[in-house]
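Data block below; observations after.
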Protein chains: 2
Amino acid sequence: MTRQRDKGTITINDIARMSGVSKKTVSRVINKSPSVGAKTRLLIENIIKDTGFVPNPQAQALAFRRSFLIALVYDNPSPQYIANIQRGVLKALEGTRYQLVLRPCDRAEPDYHENILSFVRQHNPFGLIFVPSVSEDTALTQKLKDKNCHFVRLASLDLGDPAHQIMTADAEGAKLAARHLAQLGHTKIGHIHGPELFQSTHERRAGFKAGLAEFGLNLEPELTVEGAYTFNSGVKCATTLLHGKERPTAIFAGNDEMAVGVYLAARKAGLQIPEDLSVVGFDDTPVVSRIWPPMTSVKFPIRDLGFDAAKLLINSDKLPPNERRTSPQIVELNLIIRESTSAPKSKML
Amino acid sequence: MTRQRDKGTITINDIARMSGVSKKTVSRVINKSPSVGAKTRLLIENIIKDTGFVPNPQAQALAFRRSFLIALVYDNPSPQYIANIQRGVLKALEGTRYQLVLRPCDRAEPDYHENILSFVRQHNPFGLIFVPSVSEDTALTQKLKDKNCHFVRLASLDLGDPAHQIMTADAEGAKLAARHLAQLGHTKIGHIHGPELFQSTHERRAGFKAGLAEFGLNLEPELTVEGAYTFNSGVKCATTLLHGKERPTAIFAGNDEMAVGVYLAARKAGLQIPEDLSVVGFDDTPVVSRIWPPMTSVKFPIRDLGFDAAKLLINSDKLPPNERRTSPQIVELNLIIRESTSAPKSKML
DNA sequence: TTTCTTTGTGACACCGGTTACCTATTAATA
DNA sequence: TATTAATAGGTAACCGGTGTCACAAAGAAA
């Protein structure tokens, strides 16, 4: 590594010299500390503005023991999900000094806690954003709390930690899907859910079950299979369902990735969507309108969640602990009905 | 910002004390400088290993004037593309101390150069990876060279800067697509290319044209339209082509996103793929097998490119400038034939 | 043996900010 | 008016590493 001197860079000392004060006073102005005279503050502020001076983040990171990095920690297998959340976060970080760094992880690895903790120890990020399912690992976030580290979790149920959490009403969203299918007249309804590791799996399944129950329908165990939130698992699970002895007339998939897999399986089985099989996805990612027929899906505002999470993080320093949110922010979901759902053939006389 | 003392952290001073040398000597060992006695070096290395000491990146960043950040700079509108490249880069960075930060940008903004340069000035990233089309902005990279900043460009043609470049043979890839369609017997072939701003647009179009020429075919101007590398633009352009007076029997799209748009447009026009219309995409992103029929596409190893780019960057310090690559690394593309292409109806007697 | 290199190591300043602590005003209270 | 408290600002050490340079010890050449 070769050192490179950049004469053009302007430092806090330059500002101090130009305004005739000590660098400490400049530092006070930068950090909006009190005990700086009004005229002095104004003078310095103007000089800072004129020169375009920006404090060196590395130096601040060293002194503050906290860098300007915000890490997105994820183990979510859906690239669509990750891409969207990134966009939201980036939007919120625009114009700030914070940078988004990516931290994929794998809960199956034995030392994954240690990986994340050592990242935190070494890089002292300003904060972390946890996406399901890592976000649901309370053992992990507890370790972070001990380190007094900022973080926000995206979760599908209340983890009892409102100041650090954005909650999505997954169960309610799934309930909407159930009602929609029941109202269309379906009675044999299949469900492909995600891995048990994900809380969203339980929430969505429970909500779906509750929605069916409102219409006196059951979520039959033999029509319920576990996928991996991936396309391939969707194909596989749907194939299983479609070749079982009681073929469902509708399938609700735990996310869009798997729902797209259902499309493929239906095709291979010679079934038409929605005539022979209605399909409902979850997330409402862009793919829903790129396949045919456009898919009915529960809209999950992933991008907005990323935005909110980042904003929450950035502001977490501004409010003293006792003024922070004590009730969780809940994001409502809604169903977008497209052309992948219709009444079952038996009712289409 | 509240300071937080972390007693658990071990510093270079601790190592120095434990090994009975000055911290400068420890620093030498860390940085593999010569002129450290063999036994001293071994002693210190062992102590470092035993304690699990890792030098503080913020402090090093300050002293080195270079952080451990690698920025991915992109303006590419395809989320699939970005997601894949990220995965490759992250893979290469795994186990290193480098972190991936995201830097989306917009070439249409007047101060986008300044945005990137000010990011570089402030955060002193170790290096940058440029993805098309930003990668083709030679005015921008020239400014970076003046700052002695590491970077790698992904490009579809030789930008005359082999040490900083990974080149893809886009023209050759497009030629394969042309030959395939020509061999199937198509003569009226449409092309939806990307924005003129992207060099890949020109390369792919030129390669496609050359491939057709081998079979005595022309790329007719009225069957050539400009898209934006996005799904929606694909739908729009394909609709135009399919409703023109000379309807093509095959369409080659500049990327998969647009090719998927062609699928939708064909559907709306009541055309079957591949019977009424053959479609070839470019990139071979996962979406090609999620739609029906599975799409023929030119395989563009995006993920590998990301991996290679990151590796190249990481190693750029290890080789002295005069030993660096002088001929560009060229990545070959190949055509993956699936079910979206067949002979035109007229030849299917 | 003396002198010139080479090699190994430490002292100290520095990177660009910040905190802890101290001093000099000025305003408020007695 | 004397005393106290609050306010404005400065000094020095520090955050955790690195560059520069001086210097002693060891090996090579004279």
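Proteins come first, then strands; the chains are lettered A, B, ... in the order of their sequence lines, and each starts at number 1. The structure presented is a predicted model; accordingly, all values stated were derived computationally and were not measured.
- Nearest heavy-atom pair across B:Arg28 and B:Pro34 is CD-O, 4.5 Å.
- Contact annotation: A:Asn56 side-chain N/O to C:dC15 OP1/OP2 distance is not under 4.0 Å.
- Judged as a side chain to side chain donor-acceptor pair (under 3.5 Å), the pairs with a partner in residues 126-144 of chain B (not counting sequence neighbours) are, in order, B:Asp75-B:Ser133, B:Arg107-B:Ser133, B:Tyr112-B:Asp137, B:His113-B:Asp137, B:His113-B:Lys143, B:Thr138-B:Arg153, B:Thr141-B:Arg153, B:Gln142-B:Asp146.
- Separating the CZ atom of B:Phe64 from the P atom of C:dG16 is a distance of 15 Å, rounded to the nearest angstrom.
- Pairs of residues two or more places apart, or lying in two chains, that qualify as side chain to side chain donor-acceptor pair (under 3.5 Å) and include a residue from residues 303-314 of chain B are B:Asp308-B:Gln329.
- Rounded to an integer number of Å, the gap from B:Leu62 CG to C:dT18 P is 12 Å.
- A:Gln122 has its CD atom 14 Å from the C1' atom of D:dG16, to the nearest Å.
- For B:Ser27, a side-chain nitrogen or oxygen approaches OP1 or OP2 of D:dT18 to under 4.0 Å.
- Residue A:Val89 comes nearest to A:Ala310 through the heavy atom pair CG1-CB, 4.0 Å, listed as atom of the first residue, atom of the second, then distance.
- For the pair B:Arg66 CZ and D:dT18 C1', the interatomic distance rounds to 15 Å; values are reported in whole Å.
- Pairing each heavy atom of A:Leu128 with each of A:Phe119, the nearest pair is CD2-CE2, 4.1 Å.
- Atoms CZ (B:Arg65) and C1' (D:dG19) sit 9 Å apart, rounded to a whole Å.
- The CD atom of B:Gln60 sits 13 Å away from the P atom of D:dG16 (whole-angstrom rounding).
- Here the CZ-CD1 distance, from A:Phe53 to A:Ile47, works out to 12.0 Å after rounding to the nearest 0.5 Å.
- In this structure, A:Phe53 places its CZ atom 10 Å from P of C:dG16, rounding to the nearest Å.
- One finds no side-chain N or O of A:Asn13 lying less than 4.0 angstrom from the OP1 or OP2 phosphate oxygen of C:dG17.
- One end of the helix from C:dT1-D:dA30 to C:dA30-D:dT1 points its axis 40° away from the other end's axis, with each axis taken from 5 pairs and the angle rounded to 10°.
- Using cut-offs of 30° and 60° for the angle between ring planes, the A:Phe68 and A:Tyr98 rings count as tilted.
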- line: In B/S/- notation (B base, S sugar-phosphate only, - none; protein heavy atoms under 4.0 Å), nucleotides 6-13 of chain C written 5' to 3' is --SBBB--

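- Listed by chain and residue number, nothing satisfies the side-chain hydrogen bond (donor to acceptor under 3.5 Å, both in side chains) test with B:Lys91 (two or more places apart in sequence, or in another chain).
- When the P atom of D:dG10 is taken as reference, atom CZ of A:Arg17 falls 15 Å away, rounded to whole Å.
- For B:Ala61, the side chain to side chain contact (heavy atoms under 4.5 Å, CB included) partners are A:Gln58, B:Ser67, not counting sequence neighbours.
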